[in-house]
Amino acid sequence: MTSPPAPSPRVVEADVSPDPIDPSRLVERVGHPDEGAVVLFLGTVRTRNREREVTSLEYEAYGAMAREELAAIAREAAERHGASRIAAVHRTGTLRPGQASVGIAVAAAHRDAAYRTSRDVIEEVKRRLPVWKKESYADGSSAWLDGHPVAGRAGEPTGPTAGAAGPSGEDQP
Amino acid sequence: MTSPPAPSPRVVEADVSPDPIDPSRLVERVGHPDEGAVVLFLGTVRTRNREREVTSLEYEAYGAMAREELAAIAREAAERHGASRIAAVHRTGTLRPGQASVGIAVAAAHRDAAYRTSRDVIEEVKRRLPVWKKESYADGSSAWLDGHPVAGRAGEPTGPTAGAAGPSGEDQP
Amino acid sequence: MSSAAPRTGTIGVRVRFFAVLRERAGCGERSFELPAGSTVGDLLELLGREIPELPSGVAAAVDRTYAPRDRELRDGQELALIPPVSGG
Amino acid sequence: MSSAAPRTGTIGVRVRFFAVLRERAGCGERSFELPAGSTVGDLLELLGREIPELPSGVAAAVDRTYAPRDRELRDGQELALIPPVSGG
């Protein structure tokens with residue numbers, strides 16, 4: 001019930017780490033002469049978010065779970081859309097504007113499968129990867145970003161904890 | 001009426017050349033700390049097409065027009081979907097399986113615009129870029145691929161030339 | 001391996017906190033003793049009384065997999081509180 | 001700059017062939033003399049009589065821009081025959 005997701009030959013890499021993301025390495029990892037299309041997605045830190053100037057972003061992860069969850073997301077998306085190979089990585093630690101926080105490379109025989117898989121992976125990452133970011137601003141303040149409540153994969157949403165829910169959005173900037 | 005498309009600050013590169021495609025260079029060209037998403041598409045030569053083993057692929061282009069048309073495709077897609085920066089290149093000459101024939105990097109503030117623009121560019125490239133490919137097979141034979149008839153942008157499709165149309169698909173492998 | 005756990009005695013569960021919850025709890029993890037047969041929901045209720053302003057929308061993971069509130073906990077498991085996620 | 005071209009005399013147009021058409025025509029380009037006022041369609045019809053098996057679905061570009069068949073040609077222009085494309 002708590003065993004890691006079954007390994008899949010389609011997932012050549014799924015990692016959550018403080019290492020900088022190298023786009024060409026990801027592309028090379030999935031490239032194969034049987035495939036006709038590669039789609040790479042990079043999410044990058046923006047200088048501006050909701051009208052505030054961002055100086056840096058700190059990513060915190062539940063590392064052991066995030067790696068397993070990222071592998072599961074990649075495997076499920078690849079199987080759903082028929083992609084052949086995926087390499088996906090998510091950064092932790094401090095990032096500056098312009099740096100990549102997430103990188104997803106997908107290879108497939110045809111482009112439609114590659115695009116659909118890529119999009120699916122990033123949407124699921126935002127929905128359920130146990131990763132959190134805290135923005136630091138030019139005025140010296142910082143704040144954890146408002147996030148997406150996770151609907152438990154194993155059943156219904158865990159929902160607000162009884163009697164303890166703070167006001168909605170209290171952890172916003 | 002036949003002037004090249006207006007230059008656009010959104011198109012940082014649009015080229016058709018025999019130079020190998022460098023994915024990380026394309027990503028770097030569009031990267032910018034104001035953008036939150038980069039999508040890179042690579043089309044690569046497959047070892048197999050329609051059950052035949054491909055040993056190499058030769059790309060021929062109407063170079064001067066293809067460069068202008070690729071710039072126009074990129075500009076139109078970026079404006080349509082709100083992407084900020086595009087770099088797009090298409091190979092000419094002889095390619096081996098696994099090598100990239102087309103590379104499209106798109107940066108946008110948000111991922112939806114980046115994905116939509118990327119997809120739009122590759123679909124339009126396949127619809128109207130004046131480029132042709134000839135496959136060479138393991139048995140020593142070769143053939144121009146069946147292509148997409150271009151519907152003239154300036155008006156209705158040019159259509160079959162009167163009295164001169166050969167049998168449909170005669171230039172297939 | 002679904003042999004019924006004993007319904008008597010207590011179990012030990014490690015609880016992990018991340019991000020805004022880690023800051024509010026003042027630590028990254030704590031151990032709890034619970035009556036055997038306790039569920040994820042029971043533990044969340046207990047935590048809600050101890051941690052000020054536990055935000056809404058917190059999910060739970062048991063041994064690195066998202067788990068519903070009616071999941072029964074076993075001795076030695078790790079429960080992680082997952083506040084709304086913001087990766088990507 | 002839409003001053004009317006003279007309707008008398010002839011114009012010279014360069015025609016370019018690519019891919020399968022280049023192989024069938026036996027060359028990459030040829031020059032043609034046409035009556036002034038000739039259109040893209042007129043030239044395509046002429047070419048259809050000279051080039052064996054001109055495939056269906058051929059489009060035309062005038063000075064590097066796709067052009068409809070009723071586009072009038074002017075002296076010194078370049079017309080390219082664009083067989084079905086297969087880039088990407």
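Per chain, numbering begins at 1; letters A, B, ... match sequence-line order. The figures that follow rest on heavy atoms only: side chains count, while hydrogens, waters and symmetry mates do not. Not measured: the values here are computed from a predicted model.
Annotation: maximal heavy-atom pairing with chain A below 4.5 Å, among B:Ile104, B:Val102, B:Leu42, occurs at B:Leu42.
For A:Ala107, no part lies under 4.5 angstrom from a heavy atom of chain B. At a 4.5 Å heavy-atom cutoff, B:Ser101 makes no contact with chain A through either its backbone or its side chain. Neither the backbone nor the side chain of B:Asp22 has a heavy atom closer than 4.5 Å to any heavy atom of chain A. Using a 4.5 Å cut-off between heavy atoms, B:Ala114 does not touch chain A at all.
Separation of atoms OH (B:Tyr115) and CZ (A:Arg116) is listed at 13.0 Å; rounding is to 0.5 Å. Between atom NE2 of residue B:His110 and atom CZ of residue A:Arg46 there is a gap of 4.5 Å, rounded to the nearest 0.5 Å. Here the OG atom belonging to A:Ser118 is positioned 11.5 Å from the CZ atom belonging to B:Arg119, to the nearest 0.5 angstrom.
With respect to A:Pro23, the side-chain contact (heavy atoms from CB on, under 4.5 Å) criterion is satisfied by exactly one of B:Val27, B:Val38, B:Leu26: B:Val27.
The neighbour count for B:Arg10 CZ, taken as heavy atoms of other residues, nucleotides or ligands under 6.0 Å away, is above 12.
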Show, in sequence, the C-alpha distance, side-chain angles and deciding distance for B:Val39 and A:Leu40, and conclude whether the side chain to side chain contact (heavy atoms under 4.5 Å, CB included) test is met. CA-CA 6 Å; B:Val39 170; A:Leu40 171 74; over 6 Å; no

Quick one: do A:Lys126 and B:Arg111 satisfy side chain to side chain contact (heavy atoms under 4.5 Å, CB included)? Show the steps, please. CA-CA 12 Å; A:Lys126 285 176 178 279; B:Arg111 66 189 181 282; 3.3 Å; yes

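Using modelled atom types, one side-chain atom of B:Thr44 and one backbone atom of A:Glu35 make a donor-acceptor pair closer than 3.5 Å. Under the 3.5 Å distance criterion, the side-chain polar atoms of B:Thr47 are matched with a main-chain donor or acceptor of A:Pro33.
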